[in-house]
Colleague: 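Please see the structure below; I have some questions.
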Amino acid sequence: MRYKVTFVVGLALGYVLGTRAGRERYEQLRKSARQLAQNPAVRNAAETAGQTGREFAGKAFTAVSQKVGDAVPDSLAGRVRGLRGRVGGGAGEDDWGTSNT
């Protein structure tokens, strides 16, 4: 309950401060955010972080699927891309487990 109250108070405070700053300040913040997002150093850092995250996620998925793969029910294993080869399901489906037709 404490976190909900804190969130609501923060939301209200942000609204009040935002309305006082006005449209001019909003446009200034928007321009600064766009410039930051287009900065090559920021883009490279974001790309590197994303690639590292994907590598770690792939390693974790492999480790978990090797240890738990046989214990996963066939109905679920057919929906998980890495486990599809272990069961008969999954043919003709995309990554979301839905039909491509």
Colleague: Is it the case that more than 12 heavy atoms not belonging to E27 sit under 6.0 Å from its CD atom?
Modeller: yes

Colleague: Please report the shortest heavy-atom distance between R54 and E47, naming the atom on each side.
Modeller: NH2-O, 4.5 Å

Colleague: Could you give the distance from CD (E55) to CD (Q51), rounded to the nearest 0.5 Å?
Modeller: 5.5 Å

Colleague: Quick one: pull up OG1 in T6 and CG in L11 and give me the separation to the nearest 0.5 Å.
Modeller: 12.5 Å

